[in-house]
Structures are given as C-alpha cells and as structure tokens.
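For the numbers below, each heavy atom of this structure counts, side chains included, while hydrogens, waters and symmetry mates do not.
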Amino acid sequence: MSTLAVNLLGIVEHPEIDGMTPYRIDADGRPYVPAGDGGIVLGVRLGDSAFGFDADHAAPGACLVHPDPAARHALTAYACVGNEVVVRTGAARGARGWVVGKRGEAGRVIVGMAQEHLAALRPGDGISVRGHGQGASLGVPGVDLLNLDPRLLDLLPLRVEGGKVTVTARGTVPSRLAGNGLGRPAQMWDLDVQVTPSTPGLAGLRLGDLVALDDIDVRHNMGYRRGWRTVGVVAHGDSPLPGHGPGVTPVLTGPADLLAVTVDPDGEPALSETALSGAPY
C-alpha cells in the first residue's frame with residue numbers, strides 16, 4: 001500500500017519566556033536563562049555534540065509552529081524526519097531545507113537548512129513542509145516505522161533481513177533514563193533522555209545520531225514495556241532542567257528480538273546535512 005504526501009504550513013517560532021523573570025531552575029536548584037529554547041538557533045548543526053552548548057534544548061535550525069492549535073498538532077503529527085521544507089516568505093524566500101526532528105510542549109517541528117538561510121529567517125516567516133512518511137512500513141511484522149520519510153531508508157545504517165531489522169546506533173539508553181515525553185504520542189513529541197557526558201557509552205552523543213531506547217514502546221503513547229526497543233534520532237541538545245536532556249525523535253519500535261542494535265560509539269551521525277541534501281525527492 002502506498003503512502004501519500006500532504007503540503008503543510010509552519011510558522012517560524014519566536015522564543016518565549018513565561019512571566020516577568022528570564023530564569024528557569026536547573027536540576028541543582030540554580031537559576032539560568034534558557035537561551036536556545038525554540039525560535040531560530042544559529043551556529044548549531046547536525047554532527048555537533050548534544051552536550052556542546054551552554055543552552056536549553058538547542059535545536060540545529062528553526063522551530064515551526066502554527067497559530068491554530070489544531071493545525072499545529074497536525075503539522076507536528078504529519079511532518080517526518082527528512083521531509084523537504086521550503087521558505088515561502090521573507091528574506092530567505094525560496095531556501096530549502098529538511099525536517100530534522102520534533103519537540104513537545106504543544107508541538108514543534110525542527111527544520112534545518114544552510115546557515116546563511118537560517119540567518120536570513122525571522123520569526124513569523126512561513127515555511128511549507130512536504131509531509132510524507134506516517135503510515136509507511138518496513139514490511140517486518142511487529143516492527144513499526146514512524147516519523148521518517150521513506151526516502152531516507154536507504155541512507156540510514158539499517159538493514160532488513162530474516163524477518164528482523166538491524167540498526168547501527170551511537171549507543172543504548174536504558175528506560176530508567178527516559179524523561180519528558182513519556183505518556184505522550186510519539187508522532188507529536190520527542191522523548192528527552194536524562195543522559196550527560198558522564199553516562200557510560202554516551203559521552204560522544206551528537207545531534208543526528210541514532211540511539212536505542214531499551215524497554216520503551218512508542219506505538220501509541222510512549223511508555224515502558226519490558227523486552228521492547230525503540231530507535232530514534234537525536235534532534236536537540238541537552239537541558240539543565242530536571243527530567244529533561246537531549247531529545248530523541250522515535251523512528252522505529254518493536255520487540256527487541258525483531259529490532260536488533262549494533263553499537264558503534266565512534267561512527268558518524270546517521271543524519272547529516274550531506275545525507276539529507278543528497279536524498280532524492
């Protein structure tokens with residue numbers, strides 16, 4: 001069965017600060033200013049360290065929203081990693097880029113493009129998204145594909161053989177480190193993982209990496225399921241907030257015996273600007 005594409009409209013977000021104080025409180029009780037949380041983030045790119053910036057949830061690009069809540073939810077649900085985006089208004093009109101992930105908190109779609117185009121964007125600019133991928137399948141019963149443009153399948157380090165899927169990932173995150181996003185629908189939220197540079201095996205975590213989330217089932221609302229496994233793309237950097245951290249957009253989920261993971265802590269990020277720009281439309 002063939003999947004279909006839909007044209008979506010996103011509006012470039014302006015960062016927001018609640019109330020009259022600029023501060024949030026970190027996991028150690030210290031106040032900080034949450035620079036990088038939403039809006040247009042410059043200088044952060046796929047391949048950068050997920051821990052490399054003094055920032056809060058910093059994404060490699062711009063966040064898209066919509067003023068109509070129902071349209072905002074649809075934008076977030078239908079957009080998939082790898083979808084093409086085109087700037088339709090403003091100084092960067094005509095520039096092209098890609099969806100690199102999603103974020104929760106009412107729904108955001110993260111889009112990346114060349115730095116000179118990001119610099120020309122302003123909050124309020126309109127960007128179209130060619131939403132394609134929800135409903136696609138790998139053809140392996142029991143393993144679900146979500147949030148991923150099918151045109152990326154041949155570019156990612158995964159193979160299908162013998163009735164199961166094998167994926168090469170940067171590392172594995174145990175379910176006890178899953179944070180913000182649990183209980184939410186995986187098509188509209190990411191899952192923050194409470195990891196740091198001192199977490200074994202994840203010191204080299206980068207934006208664009210694939211990671212495995214053990215004992216996490218995201219077929220419906222994201223939650224714990226023993227013997228299950230989810231694989232996702234690291235779409236934003238870490239956060240000082242308790243319960244938060246680098247954000248993972250889920251792309252595969254299934255029983256661990258059908259979704260095998262090979263860990264390569266020294267490999268290149270699975271999602272890169274080069275791979276995204278070279279994928280055929």
>> Going by the rule ring-ring contact (aromatic ring centres under 6.0 Å, His included), which residues pair with H236 if we only count those two or more places apart in sequence or in a different chain?
In response: H57
>> I'd like to check the side-chain hydrogen bond (donor to acceptor under 3.5 Å, both in side chains) partners of R176; sequence neighbours left out, ordered by chain and number.
In response: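 Per chain and number, R176 pairs via side-chain hydrogen bond (donor to acceptor under 3.5 Å, both in side chains) with no residue.
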>> Restricting to side-chain hydrogen bond (donor to acceptor under 3.5 Å, both in side chains), what partner residues turn up for T253, sequence neighbours left out?
In response: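 For T253 the side-chain hydrogen bond (donor to acceptor under 3.5 Å, both in side chains) partners, ignoring immediate neighbours, are W228, T230.
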Show me the donor-acceptor pairs, under 3.5 Å and distance only, between side chains in residues 156-164 and residues at least two apart or in other chains.
unit_1	atom_1	unit_2	atom_2	d
R159	NE	E161	OE2	2.9

Side chains of [Y] and [X]: any donor to acceptor distance under 3.5 Å?
{"X": "Q187", "Y": "N147", "answer": "no"}
{"X": "E105", "Y": "N180", "answer": "yes"}
{"X": "T196", "Y": "S198", "answer": "yes"}

> Looking at residues at least two apart in the chain, or sitting in another chain, which of them share a salt bridge (charged side-chain N to carboxylate O under 4.0 Å, His left out) with R72?
Replying inline: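 For R72 there are no salt bridge (charged side-chain N to carboxylate O under 4.0 Å, His left out) partners, ignoring immediate neighbours.
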>> Under the rule for salt bridge (charged side-chain N to carboxylate O under 4.0 Å, His left out), what residues qualify as partners of D28, not counting sequence neighbours?
In response: R30
Are side-chain heavy atoms of [X] and [Y] found at a separation under 4.5 Å?
{"X": "V167", "Y": "L210", "result": "yes"}
{"X": "L258", "Y": "V165", "result": "no"}
{"X": "I127", "Y": "M113", "result": "yes"}
{"X": "L207", "Y": "V44", "result": "yes"}
{"X": "V231", "Y": "L259", "result": "yes"}

Donor-acceptor contacts under 3.5 Å from residues 7-25 side chains, at least two apart:
unit_1	atom_1	unit_2	atom_2	d
E13	OE1	G39	N	2.9
E13	OE1	R108	NE	3.1
E13	OE2	R108	NE	2.8
E13	OE2	R108	NH2	3.2
T21	OG1	Y23	N	3.3
R24	NH1	D37	OD2	2.8
R24	NH1	D56	OD2	2.7
R24	NH2	D37	OD2	2.7

>> Is it the case that atom CZ in R184 sees more than 12 heavy atoms from other parts of the structure closer than 6.0 Å?
In response: no
> Hey, is OH on Y78 packed in by over 12 heavy atoms from elsewhere, all under 6.0 Å?
Replying inline: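 It does not: Y78 OH has 12 such atoms or fewer within range.
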Sequence neighbours left out, what pairs pass salt bridge (charged side-chain N to carboxylate O under 4.0 Å, His left out) with at least one residue falling in [range]?
{"range": "residues 228-241", "answer": "D214-R229"}
{"range": "residues 269-278", "answer": "R45-E273"}
{"range": "residues 187-208", "answer": "R206-E268"}

>> Connecting only ILVMFWY residues whose side-chain heavy atoms lie within less than 4.5 Å of each other, what is the rest of Y32's hydrophobic cluster?
In response: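 So far as hydrophobic clustering goes, Y32 is joined with L241.
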Which donor-acceptor pairs under 3.5 Å do the side chains of residues 85-92 make with protein atoms, sequence neighbours left out?
unit_1	atom_1	unit_2	atom_2	d
R88	NE	S128	OG	2.9
R88	NH2	S128	OG	3.2
T89	OG1	G126	N	2.8

>> Using every non-hydrogen atom in the two residues, find where E84 and R151 come nearest and quote the distance to one decimal.
In response: N-NH2, 4.5 Å
> Under 3.5 Å, is there a donor-acceptor pair between the side chain of D149 and the main chain of L152?
Replying inline: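 Answer holds: no.
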